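I have placed the structure first, in the form of structure tokens, so that the comments after it can refer back to it.
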Amino acid sequence: MARPPAPKAKVAKKSGPPGGLIGVVAALLVALIAVIVYLAARGDGLTAAGGANTLPEGGGIVVNPEMSDVPEVHLYEDFQCPFCGQLEQASGQAFDDAAAAGDIKLTYTFMSFLDGSLNNEASARAANAAVCSADVGIVPSFVEGVFARQPEVEGQGYEDQDFLAAAADSGIEGTDLETFTTCVQQQTYADYVGDMQERASKDGVTSSPVVMVDGEKISDEQLSSLLSDPNALSDILADQ
């Protein structure tokens, strides 16, 4: 009769964490270090650095930050939005004049949500150029110049040459024009453009154009008047 096989000797298991767990911990440490480096590069850890006169956390570009004790007007626009172009054509100069006269504190937020539906990056690139224009002090005239070049066919987008021409029309030259050109070509403020869109969404702004006065969105009727009547702004401010 065959004998049963002898039992195998038990091999003692080594103590310590499994190799898979060590790999996971190492990966987490690498990811944590990457996050720390990224936040350090962004400065305050909350938002990408903007340009001259930009508010933190994607709050937008302030045209005349020195103003106080006046109505605060905030324009939310997308450079590919036809109605935003209409607003600029009808009442853009009124906003600019009021800001220059110190009658309002004017802030722009340039949104880029239309890039998704139009399958391009023109809104984000134009918004970056607008932040670049703040560095050389030409925001209102630059905005006017870009909207004046808005394509008749929505979604056709912009070329960098459109931004450079709008800046040149604003009167900058020499080193200022070189600074602006480099900023546009290198997409210096691309992160801040993303922050502006994210901040607008968090603030409940999901379309354009939107006009707020002292934090309150104006009515559809008031917005409609701004789209056609350059004198409507003074009436709206008087009603606030």
Side-chain angles (χ1 to χ4, degrees), residues 53-55 59-114 122-123 126-127 129-134 137-154 156 158 162-163 165-167 169-171 193 196-197 199-200 203-240:
N53 296 341
T54 53
L55 296 173
I61 307 168
V62 186
V63 172
N64 49 350
E66 72 283 356
M67 295 307 303
S68 60
D69 299 324
V70 294
E72 296 189 13
V73 176
H74 198 145
L75 302 182
Y76 294 81
E77 298 176 318
D78 188 307
F79 279 108
Q80 292 195 93
C81 161
F83 288 110
C84 296
Q86 186 178 340
L87 175 65
E88 180 61 35
Q89 182 178 8
S91 297
Q93 192 61 53
F95 286 110
D96 299 345
D97 290 345
D103 295 332
I104 63 172
K105 185 173 183 178
L106 180 60
T107 301
Y108 287 99
T109 287
F110 296 109
M111 303 169 72
S112 49
F113 68 97
L114 285 177
S123 294
V131 184
C132 295
S133 77
I138 57 169
V139 177
S141 57
F142 175 78
V143 172
E144 177 184 358
V146 174
F147 275 119
R149 291 169 170 80
Q150 188 180 64
E152 293 184 5
V153 178
E154 187 178 6
Q156 211 166 34
Y158 295 94
D162 295 319
F163 310 140
D169 288 349
S170 299
V193 169
M196 281 196 290
Q197 178 59 55
R199 174 66 176 272
D203 290 345
V205 180
T206 57
S207 63
S208 63
V210 167
V211 180
M212 291 191 179
V213 179
D214 290 333
E216 296 293 330
K217 183 179 177 180
I218 67 173
S219 68
D220 291 343
E221 181 180 356
Q222 289 173 320
L223 178 60
S224 179
S225 66
L226 285 171
L227 291 172
S228 59
D229 182 4
N231 298 312
L233 178 61
S234 57
D235 295 335
I236 292 172
L237 293 175
D239 291 340
Q240 298 301 311

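Just so it is clear, the structure is predicted and the values come from calculations on it, not from any experiment.
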Are the side chains of [Y] and [X] in contact, using a 4.5 Å heavy-atom criterion?
X: Leu226; Y: Phe95; value: yes
X: Met111; Y: Val205; value: yes
X: Ser123; Y: Phe113; value: no
X: Asn53; Y: Pro65; value: yes
X: Thr107; Y: Leu75; value: no
X: Val146; Y: Asp162; value: no
X: Lys105; Y: Val62; value: yes

Once side-chain hydrogen bond (donor to acceptor under 3.5 Å, both in side chains) is applied, what residue pairs with a partner in residues 139-149 remain, sequence neighbours excluded? Ser141-Ser170, Arg149-Asp169
Taking only residues two or more places apart in sequence or in another chain, which ones pass ring-ring contact (aromatic ring centres under 6.0 Å, His included) with Tyr158?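 So Tyr158 forms a ring-ring contact (aromatic ring centres under 6.0 Å, His included) with Phe163.
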Hits for ring-ring contact (aromatic ring centres under 6.0 Å, His included) against Tyr108, two or more places apart or cross-chain, chain-then-number order -> Phe110
Shortest non-hydrogen contact from [X] toward [Y]:
X: Gly145; Y: Ala166; result: C-CB, 3.8 Å
X: Asp78; Y: Ser208; result: CB-OG, 3.7 Å
X: Gly60; Y: Thr109; result: CA-OG1, 3.8 Å
X: Ala130; Y: Val139; result: O-CG2, 4.4 Å
X: Glu154; Y: Leu114; result: OE2-CD1, 4.3 Å
X: Val70; Y: Gly102; result: CG1-O, 3.4 Å

Are Glu77 and Leu87 close enough, and set up right, to give a side chain to side chain contact (heavy atoms under 4.5 Å, CB included), and what steps lead you there? CA-CA 9 Å; Glu77 298 176 318; Leu87 175 65; 3.6 Å; yes
Backbone N/O of Ile104 and side chain of Asn64: donor-acceptor pair under 3.5 Å: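 Confirmed, Asn64 side chain pairs with Ile104 backbone.
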Just wondering, are more than 12 heavy atoms of other shown residues or ligands nearer than 6.0 Å to CD in Glu66? yes
Should we say atom CG of Asp220 is surrounded by more than 12 heavy atoms from elsewhere, each under 6.0 Å from it?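 Incorrect, the count does not exceed 12.
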Would you sort out whether Leu233 and Ser91 count as a side chain to side chain contact (heavy atoms under 4.5 Å, CB included), showing the intermediate values? CA-CA 8 Å; Leu233 178 61; Ser91 297; 5.8 Å; no
